[in-house]
Structure formats: structure tokens, C-alpha cells
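Proteins get letters first, then strands, A, B, ... in listed order; numbering begins at 1 in each.
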Number of protein chains: 2
Amino acid sequence: MAVRDPAMTDVARLAGVSHQTVSRVLNGHPNVREQTRLRVQAAIAELGYRPNRAARALVTGRSQVIGVVAQNTTLYGPASLLAALEQTAAESGFAVSVGSVRDLDHRSISAVVERHLAHRVAGIVVIAPVESAGEALERLPKDVPLVTVDGDPHRPMPLVTVDQAAGARAATQHLLDAGHRTVWHVSGPSDWFDSAGRIEGWREALTSAGAEIPPLVPADWSAAAGYRCGQMLARMPDVTAVFTANDHLALGVLRALHEHGRRVPDDISVVGFDDVPEAAYFIPPLTTVRPDFGAVARASLEMLLTQIESVSGGALRRTIAPTLVARRSVAPPPRR
Amino acid sequence: MAVRDPAMTDVARLAGVSHQTVSRVLNGHPNVREQTRLRVQAAIAELGYRPNRAARALVTGRSQVIGVVAQNTTLYGPASLLAALEQTAAESGFAVSVGSVRDLDHRSISAVVERHLAHRVAGIVVIAPVESAGEALERLPKDVPLVTVDGDPHRPMPLVTVDQAAGARAATQHLLDAGHRTVWHVSGPSDWFDSAGRIEGWREALTSAGAEIPPLVPADWSAAAGYRCGQMLARMPDVTAVFTANDHLALGVLRALHEHGRRVPDDISVVGFDDVPEAAYFIPPLTTVRPDFGAVARASLEMLLTQIESVSGGALRRTIAPTLVARRSVAPPPRR
DNA sequence: TCGCTGCCTGTTAGCGGTCACACTCGGATT
DNA sequence: AATCCGAGTGTGACCGCTAACAGGCAGCGA
């Protein structure tokens, strides 16, 4: 308890070298004699020496930590992204510090960013899927490496994003291909870029197929909202295909349809988005669109690291294409 | 870019005081004249000064960071816990650094713990729900504040845990109260303490009710496993009540029963565990047991902070009682 | 008048690393 | 033989902060 952990000088003394040589060994500096290196390593092992990252951070001005700003890390998407980010960062020797935020407004975001900056993080990843985050981000200090994920496509910031429109197009097209006249869309909250992108893709697919564009059914991300919308859709006999902005919405829709005696996929086909692990066990198994969170995490980190290493340069934008996962919730429309 | 951020001495110079006085103001030291305090605060604001946590960590030997060791932060339970932990920590001025680990074996755990120790974290929270983590934990350095969550109840370590047995008892009793002769149990993986606790509670409830104890149906946490077990249960005409170790398993069971034409709750009642947000929108809405992740997080942090502040003392164990959430998946058994 | 006590403030010495530089020394070059 | 070179190592000065101690200066009792 009372004994402080060993420092570099302790290792140096034991190995009979200077602290600087220990530092060189630790950092893989080339000009160290093999024999010396071994002596130092032995001393390190013997003392159980562990370099103090705080000291290192102090002198270099940057710690080997990446700060993340996220909103609701309980949702499947953000949670997966966070996990992937942590995994990827660890592989490059970085730790990840999360800062959750209740609302993505200017005050909350900059408070968390401030906290990260106080720790002298090497870079910051902001998962900023809504409108209100945008303005906050522009006022942030410009001299810290920063990448936004799922942020505003129209803002000139380094951005990694899932190609929402492409996913939505694929989902819609899949339904059209099955023979449906048109496809209804239950969308996510209007201030999310994800929602906007999916709406856009859905419209595009319908337009280019020359299909009629039904009115949008707005919702949030919850199963509850899906249920409410589903109750409405169930009453409309001409609805044969529904694309929901995520799987939870689809779950709510499925139950509403079930309660109204409308069979899926015989009477109505449903496609979701996200491919949550349980989607394959919905009733019926849900056809959905799977974003590649691992790829998003890798791209984000890559962009961040290039910013960290060189002052400028690197791509400003990376888009990750999602894939359609076909299951049993889609079938041709019923014959009249 | 080239200008380094302002340090304490810069603030001191601008305010016409010594850096030590700035430090006193920052740390709320009492003996500072009001007028001086204001001058310093003005200087801080003017320069946009931000204290360097790394420097502070270096001199105090501890950073205001709490390290978390977790396994699969994509699952609903761990994700919720992590989010709650982060929230609670932030309120006490601590940042949270996550270290995910693929397997909870000795090597993986101590690697992550080492990483945290290198950062001189103030304390560590280990979410260690499986057997294999136990031995790893005992070999860890004893001088760092550490709390385990959902860990081994039989090991003498500071532990916060959900009262799995109580939850399982409540679920089972609820089914018995509805009139069922006995209750079947689809359990989680056998090396998880959560599983063990739930099995125990289930057995207790049956025993004290004098009910027959059916064979255990072992599974993992996935909907897929639930589906497989459900297919089996669906073929057994005398099964009228099933308690699954989590909601995802229940989802799989529900689908299997549905496919076999067995109605829930008319033919078979089902109860889950976790109360995932979508549980209310399963077909039918799922009766389940809700653990209070917020309470777990608060208890963990409280225990950790007492360890951090005083060398010894504080409770070694805190148990959080879950609550039963009744929905529509439970009904009396069908008449013969 | 002289201490003695609190308040308020400044001075100095680290914390444990990295960086820039200086030094030694054997071998190759001139 | 004198010079240069580069590989290997050591020295000292910081990085930005806190802790410990050392004053200065008012008020107060002796």
C-alpha cells in the first residue's frame, strides 16, 4: 500500500543503465544494444514495472485515449458501434473514453468535449445523428482531430456514415421486385439524418420504378410507435408492403398487423433496418438491412489516426454500404 | 496550431497572482479572498483555460477516470449497465474508460486491467458474470479499488449484483399463482452466475410450492436457442408454463410455439427476464422481470468511491431487487 | 509594545516521463 | 596518424500541476 509503484528510474537502477535507455527500450528505439535491451526487459519484468501513461501524456501533450461522444448507448445501433470502436481502438493501442449525453444540443456536446479535451485525448469521435448536433460541432475547437459518425452530410466535417439511402433503396426495391405496386414507409424521427437518408432512398426507389409515393408515416425509433402506426396501416386494405426505418418499429408493426388478423407476409410484407440479433426470430423472421458497424468503426478510426499523425490530409468522407438480409417477411402481394 | 493551450502560469500572470493561487481557486480551497477568486476566474474565462488532467493525474498519482472491464457490450443488459455507469460516474466528476474483452479468461482480463492501471485509473469496475473471471480477479493487484458486478457470489470481493434468485422466484410464483401445476425453465449458459441464480430461484419457488420440478432446458442467451428449445417444448402437451432466462430466449420460444399452433397465453404462458424495451411489443406482450440497471450502477459507484476515498471500509456486497412486470403472456392453464 | 494567531499568498520541490543534446568509443576514411 | 562517423549511452531541462512549507499582514490579548 505504502510503496509507490516502480518508476523508470527504479528499472534503470536495477538494470544498471540510465532512465533514458529504459525509455528507449520501451519505445522500441533502434539504437540499443541487444544485451542492454534484455537486461532492461528483465528488470521491467522483475519489478512489475508499468509505464505511467499520465506522465507520458503530460510531456507529449496527448494521451493515447480517444474520446467518444454518444447519445443513447442503450440502443442497438450505437451500442454496436461503440463496441466496435473500442475493439478497433484497442488494436491500435488506444483506450476509449465514453461521454454520454442526454441531448445532442450545443451545451451538452461541448461540455462532454471539454471534458475530453481536459484529458488531452488524442482525438474525438462524435456520434451525431441529429440536426441539433451540427451547429454545436462547428463551434468546437478546430485543432483537435475529430470525426463525426452518422452526422450531417452537408457539413464540411470529416464524416463516416452508413449509406442509408442505398439501404433504403435496396429494401424498397426488394419489395417492388416481389411484385408490390408500391411501398409504405414508417420513418424514424425527422431530425435524425438516418431517417432523412432512409426516406430519401425509399422515395428514389419508388420514383425510378414509376410507383406511386404513398404519404409518409412518421414515427420515432420505438416498437411502441411501430405498433401505433401498424394499427393504422392494418386498417388500410390497399397496403401490401411496408418498409420501416428500423427493426423495432417493424416489431411493433408486426404485432399490430397480427392483432388485426393481417398475415405477414401473405397479406402484407414488411422490411426493417438494422438487423438486430433477434430479427431472425420475429414472427415471421424479418427481412432487413444490415449496416456494417465494424466497417464504420474501422473507417472512423482510420480517419482519426491520419488526422492525429499528420496535421492535414486524408479523406473527408467515407460511406459504408449496408446489405439486405432476406428472410420470410416478404412475399408477393395477395391476388385481388 | 502552433500556440500551446494556456497553462496555469498563463492564467496566473494575467490575474497577477501566483500559479498556486490559481490552483486554489480551481480546487475550491477556502482561503482565497473573494476579489482574488473573481480575478482568477475572469482570467480563466478570458484565456479559455482548461486544466490539464494528465498533469494532475501525474502529481496525485490517480486520474479521475474509472476503468470498466466488460465482455459483450452489445447485449442489452451490459449496454444498459455501461450507460448507467457512465451517467453516474459523470455526476461525480469521473470519466469512464471501457475495456471490452472477448473472453473473460485470466489473460484477457488482466491485459485490460493492466491497460487501465497504466492510465492510473482511480478504480475499476469488472462486469464479470462468468465462472472463468473469478480466478483471474483474485490474482489482480490488491491495492486498486475494484468492484465486481454480477460476479461470483461465493468469492470474497466487493460485489454488486441483481438478485437473480428473487427475480426468478417472482416469475415462477407468478405462473404458479395463475394456476399452473408446474413451470418449465429455459436457462442461460451454465457458466454464468446469472443463469445459476435464476435456476436456483426457479427451483426454490417450485419446491416451496410443492410442485414437481421438470428437467431443466439448457440454452444460451440467444433468440436462436430459445427457438430451438421452444420447438421441443411445443411438442410436449403437458407443458403449460415456461420461464425463460431472458427476453430474447422468450422471443424465440414465442415464435416456435406460434409456428406449432400453440397459443400464448391460452395454451402456454411465458415469462422472460430483462424487460428489453421491445418486450411490450412481442406477440403477445411479454411478462418479464426488470432489473434496475441504474440502481446497480449507483451501488457499484458508491462502493468504488468509498474504496477510493478511504483505504478500507464499506459494504462488501450489495444486492439489487428486480421487479416483475406483468403483461399479457401469462394466463391460467387450459382446462383439460 | 510585543508577540501570537489566522488569513491569504508566494516559493520551491517534485510527480514520471520525453526530448535535445553531449559524450564515448571502435572502425572506416582521408 | 588524424579525422570523421554513427551506434550506443548518459545528462539535464522541462511538461503542468499539487503538496509542503514559508512568509506578510491584519487583529487581538498580554
Checklist entry - For B:Arg102 and A:Glu91, what are the C-alpha separation, side-chain angles and deciding distance, and is it a salt bridge (Lys or Arg N to Asp or Glu O under 4.0 Å)? => result CA-CA 13 Å; B:Arg102 209 176 296 274; A:Glu91 283 162 19; 5.0 Å; no

Next on the checklist: Quick one, A:Arg53 with B:Glu114, criterion salt bridge (Lys or Arg N to Asp or Glu O under 4.0 Å). Give me CA distance, side-chain angles, the key distance, then yes/no.
Outcome noted: CA-CA 11 Å; A:Arg53 307 312 221 100; B:Glu114 282 292 310; over 6 Å; no

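One interatomic measurement links the two molecules: CZ of B:Arg53 to C1' of D:dT18, which rounds to 14 Å at whole-angstrom precision. One atom, CZ of B:Arg39, and another, C1' of C:dT9, lie 11 Å apart when rounded to the nearest Å. One atom, CZ of B:Arg13, and another, C1' of D:dG16, lie 13 Å apart when rounded to the nearest Å. When the P atom of C:dT9 is taken as reference, atom NE2 of B:His29 falls 10 Å away, rounded to whole Å. Protein atom CZ of A:Arg37 is 13 Å distant from nucleotide atom C1' of D:dA7, rounded to whole Å. Taking atom CZ of A:Arg62 as the reference point, atom P of D:dG16 lies 12 Å away to the nearest angstrom.
For D:dG8, the OP1/OP2 oxygens have no side-chain nitrogen or oxygen of A:Thr21 closer than 4.0 Å. Residue B:Ser18 places none of its side-chain N or O atoms closer than 4.0 Å to OP1 or OP2 of C:dT11. Residue A:Arg33 places at least one side-chain N or O under 4.0 Å from the OP1 or OP2 atom of D:dT9.
Between the side chain of B:Ser110 and the backbone N or O of B:His106 there is at least one donor-acceptor pair closer than 3.5 Å.
To the nearest 0.5 Å, atoms CG (B:Asp150) and CD1 (B:Ile320) are separated by 10.5 Å.
Here the closest non-hydrogen pair linking B:Val162 and B:Thr319 is C-CG2, 4.4 Å.
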Item to check | Base versus backbone protein contacts along nucleotides 13-21 of chain C [heavy-atom cut-off under 4.0 Å; B, S, -] | outcome: -BBBBBBB-

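Between A:Ser300 and A:Leu85, some side-chain heavy-atom pair lies under the 4.5 Å cut-off.
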